[in-house]
Amino acid sequence: MRILLVEDDKTIASGLEYSLQQDQFSTILCHDAASAKRMIAEELDQIALCLFDLSLPDGSGYELCKLVKERSDVPVIFLTAIDDEVNVVMGLDMGADDYITKPFRVRELISRIKTVLRRYQKHPQSKVIIEIQNVRINTLEGKVYKNGEEILFTALEYRLFLIFANHIGQVLSRNQLLERIWDVAGDFVNDNTLTVYIKRLREKLEDNPQNPQIIKTVRGLGYKVGD
């Protein structure tokens, strides 16, 4: 599997590239945003996962993540020396799949890479159009419509709703939802964050968010969409 690694610190980049190759990954290494953008434009269909340093000399990992997610659902993991809640939430909202703070253990990073890749392989999108009451999802376009009008979702909101849509009639626990959205071993994982995203989805999807009919709470168990 091919990994796009974007890291401006050449010592760190060299060590990571060696470790990834020892673990049977092939790598494309870039040291700045400009060269990374060229690789995203030309090679994204051959890339299995992206590792982006957040702070680059000519840009940021955020803009690279946005470019990737606009073109394809390729997983993204951020590497950063910044460790604060604002940056974590921003990365999640952009669709990042994991977030690891420097300094980190290479084995831990490789474990997270494998976890994210397994998750993507386990949960393919099987249907192009999914309809739930007055809501329609076009998975080919990555868009959601309510009564024929498009609803604007963040990447993470869309992914969470798609998990529900691919498990219609099933009760999903909070832990199951967290495992499917991001790596539960990540330091940034907060159970309260899931509550916030469920609330956001209901505000956008439900006619009456206080009495949800699409994303229903199953007391003591979790959530369910559909019967």
Side-chain angles (χ1 to χ4, degrees), residues 1-120 142 152-159 181-183 185-190 193 197:
M1 289 190 176
R2 208 172 186 194
I3 292 180
L4 173 59
L5 170 60
V6 185
E7 168 61 68
D8 66 324
D9 185 316
K10 294 185 179 180
T11 302
I12 293 175
S14 178
L16 275 177
E17 184 176 40
Y18 175 78
S19 297
L20 289 168
Q21 289 173 356
Q22 290 296 108
D23 226 285
Q24 309 306 311
F25 291 104
S26 63
T27 55
I28 303 172
L29 176 59
C30 299
H31 295 298
D32 54 42
S35 57
K37 287 175 184 176
R38 286 196 298 272
M39 289 298 102
I40 291 169
E42 298 169 7
E43 305 282 346
L44 189 58
D45 60 340
Q46 298 176 43
I47 292 170
L49 181 140
C50 299
L51 284 175
F52 293 151
D53 184 15
L54 273 188
S55 301
L56 298 167
D58 58 342
S60 76
Y62 292 132
E63 60 180 310
L64 297 181
C65 179
K66 186 171 183 289
L67 278 177
V68 168
K69 294 299 183 178
E70 284 173 350
R71 294 170 61 94
S72 181
D73 195 25
V74 172
V76 172
I77 296 177
F78 283 137
L79 311 173
T80 179
I82 305 166
D83 187 16
D84 65 77
E85 188 176 355
V86 172
N87 286 289
V88 169
V89 172
M90 189 185 302
L92 293 175
D93 279 346
M94 286 189 167
D97 297 270
D98 204 346
Y99 189 106
I100 189 165
T101 304
K102 301 173 186 174
F104 51 80
R105 295 186 299 274
V106 173
R107 297 311 310 170
E108 180 188 359
L109 175 60
I110 290 176
S111 174
R112 291 196 188 194
I113 289 171
K114 291 178 178 178
T115 298
V116 169
L117 289 172
R118 279 198 303 272
R119 188 161 66 239
Y120 271 70
L152 297 180
F153 278 179
T154 66
L156 190 58
E157 287 169 352
Y158 174 76
R159 187 168 299 150
I181 297 171
W182 51 64
D183 182 359
D187 296 335
F188 58 83
V189 172
N190 186 329
T193 306
Y197 279 104

Problem - Contacts of S14 that satisfy side-chain contact (heavy atoms from CB on, under 4.5 Å) - sequence neighbours left out - result: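 Not a single residue meets the side-chain contact (heavy atoms from CB on, under 4.5 Å) criterion with S14.
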
Side chains of residues 2-10: which donor-acceptor pairs under 3.5 Å do they make with residues two or more places apart or in other chains?
unit_1: R2; atom_1: NH1; unit_2: E43; atom_2: OE1; d: 3.3
unit_1: R2; atom_1: NH1; unit_2: Q46; atom_2: OE1; d: 3.2
unit_1: E7; atom_1: OE1; unit_2: K102; atom_2: NZ; d: 2.9
unit_1: E7; atom_1: OE2; unit_2: D9; atom_2: N; d: 2.9
unit_1: D9; atom_1: OD1; unit_2: T11; atom_2: N; d: 3.0
unit_1: D9; atom_1: OD1; unit_2: I12; atom_2: N; d: 3.1

Exercise for the section: Could you pull out the closest heavy-atom pair between L44 and S72, with the gap in Å? Expected result: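 Closest pair (atom of L44, atom of S72, distance): CD2-CB, 3.9 Å.
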
Handout entry: Minimal non-hydrogen separation, R112 against Y99, with atom names
Key = NH1-O, 3.1 Å

Practice task
Would you mind listing every salt bridge (charged side-chain N to carboxylate O under 4.0 Å, His left out) that reaches into residues 15-28, with sequence neighbours excluded?
Solution key: D23-R107, D23-K114

Practice task
Sequence neighbours left out, what pairs pass salt bridge (charged side-chain N to carboxylate O under 4.0 Å, His left out) with at least one residue falling in residues 27-41?
Solution key: K37-E63

Practice task
Just jot down the ring pair (Phe, Tyr, Trp, His ring centres under 6.0 Å) partners of F78, sequence neighbours excluded, or say none.
Solution key: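 Applying ring pair (Phe, Tyr, Trp, His ring centres under 6.0 Å) to F78 gives Y62.
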
Exercise for the section: For Y18, look at atom OH and say whether over 12 heavy atoms of other residues, nucleotides or ligands are found less than 6.0 Å away. Expected result: no

Handout entry: Check: D58 side chain, A34 main-chain N or O, donor-acceptor pair, under 3.5 Å
Key = yes

How long is the gap from [atom1] on [X] to [atom2] on [Y], to the nearest 0.5 Å?
X    : Y   : atom1 : atom2 : result
I100 : I77 : CD1   : CD1   : 8.0 Å
I47  : S26 : CD1   : OG    : 9.5 Å
Q22  : L20 : CD    : CG    : 10.0 Å
C50  : M39 : SG    : CE    : 12.0 Å
F104 : L79 : CZ    : CG    : 5.0 Å

Problem - Side chain to side chain, D98 and T115, heavy atoms closer than 4.5 Å - result: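 The answer is no; the side chains never approach within 4.5 Å.
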
Exercise for the section: With the side chain counted from C-beta on, respond yes when I113 and F25 share a heavy-atom pair under 4.5 Å apart, and no when they do not. Expected result: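 Side-chain contact under 4.5 Å: yes.
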
Which atom pairs, one a donor and one an acceptor, fall under 3.5 Å between side chains of residues 64-71 and the rest of the protein, sequence neighbours left out?
unit_1: K66; atom_1: NZ; unit_2: E70; atom_2: OE2; d: 2.7
unit_1: K69; atom_1: NZ; unit_2: V74; atom_2: O; d: 2.9
unit_1: K69; atom_1: NZ; unit_2: D97; atom_2: OD2; d: 3.4
unit_1: K69; atom_1: NZ; unit_2: Y120; atom_2: OH; d: 3.3
unit_1: R71; atom_1: NH2; unit_2: A41; atom_2: O; d: 3.2

